[in-house]
Amino acid sequence: MAGPVDTRPSDGPVTPPAHGTALFTLMLLGFVLEGLVLSAVLIHMVTLTVELDLGSSGLLVASLFGPAQVASRLVNMLFGKQITQTSLAIVAACLLVLGLAVLTATAPWLPGAITFAILFGMGSGLISIVSGTLPLELFGKHNYGARLGWVTAAKQRRPPQRHCRLPWPSPGSGCCLPYG
């Protein structure tokens, strides 16, 4: 049986271990880049399917993204116990790149667009897991909450969200205007 967990806040500022500063910075950079790619593609998903002349099939393509996210999480839950979070992060990033490569190589072919949505959705689903578990694997549980806060803050400060705003507070309006 495990002993009591120390939940007291640490004294002083929370910093990554001296040997892990570069690693922590690289990890944050990876999450920011993944967030940038996800935001850029997802905010334009409807426009993307229209520009590819997919017509009403574009709805099918866009609707596969969510189920692919869930499927990747389910597969990870069932078969991913032996995979390190570092390896899972690499797989997630590769799925995003592979999805975009398939879309680029096959556009406007519908099966290629469907494959893109599935691969891209699976990568996104794994990223949502890895963004919480990778810092724990790399740096341990000491100051885990603060490190997770840094990861979240870094992901929220990516350019697509910082440099645009909705002209009115209508959820799902899809309208984004630059500041200025």
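All heavy atoms count here, side chains included; hydrogens, waters and symmetry mates do not.
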Inter-residue atom distance W109.CH2 - L54.CG, 0.5 Å rounding: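 Here the interatomic distance stands at 12.5 Å.
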Nearest-0.5 Å distance that lies between atom CZ in F139 and atom CG in L148: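 One finds 12.5 Å between CZ of F139 and CG of L148.
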Which pairs would a plain distance check flag for residues 40-52, meaning a side-chain donor or acceptor within less than 3.5 Å of a matching protein atom at least two apart in sequence or in another chain?
from : atom 1 : to  : atom 2 : distance (Å)
T49  : OG1    : M45 : O      : 3.4
T49  : OG1    : V46 : O      : 2.8

Name each donor-acceptor pair under 3.5 Å that joins a side chain in residues 80-105 to protein atoms two or more places apart or in another chain, with its distance.
from : atom 1 : to   : atom 2 : distance (Å)
K81  : NZ     : M77  : O      : 3.1
T84  : OG1    : S87  : N      : 3.1
T84  : OG1    : S87  : OG     : 2.9
Q85  : OE1    : T133 : OG1    : 2.5
T86  : OG1    : E137 : OE2    : 2.7
T104 : OG1    : L100 : O      : 2.8

Using residues 111-127 as the side-chain source, report each donor-acceptor pair under 3.5 Å to any protein atom, sequence neighbours left out, with the distance given to one decimal.
from : atom 1 : to   : atom 2 : distance (Å)
T115 : OG1    : P111 : O      : 2.8
S124 : OG     : Q69  : NE2    : 2.8

Contact summary for R147 and H142, nearest pair of heavy atoms: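 Looks like NH1-O, 2.6 Å.
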Is there a path from L23 to M27 through hydrophobic residues (I, L, V, M, F, W, Y) whose side chains come within less than 4.5 Å of each other?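 They do share one cluster, since a chain of ILVMFWY contacts under 4.5 Å joins L23 to M27.
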Could you state whether F24 and Y144 fall into the same hydrophobic cluster, counting links through intermediate Ile, Leu, Val, Met, Phe, Trp or Tyr residues with side-chain heavy atoms under 4.5 angstrom apart?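 Cluster IDs for F24 and Y144 differ.
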Are the side chains of V37 and L33 in touch, meaning some heavy atoms are under 4.5 Å apart?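 Counting from C-beta outward, V37 and L33 never come under 4.5 Å.
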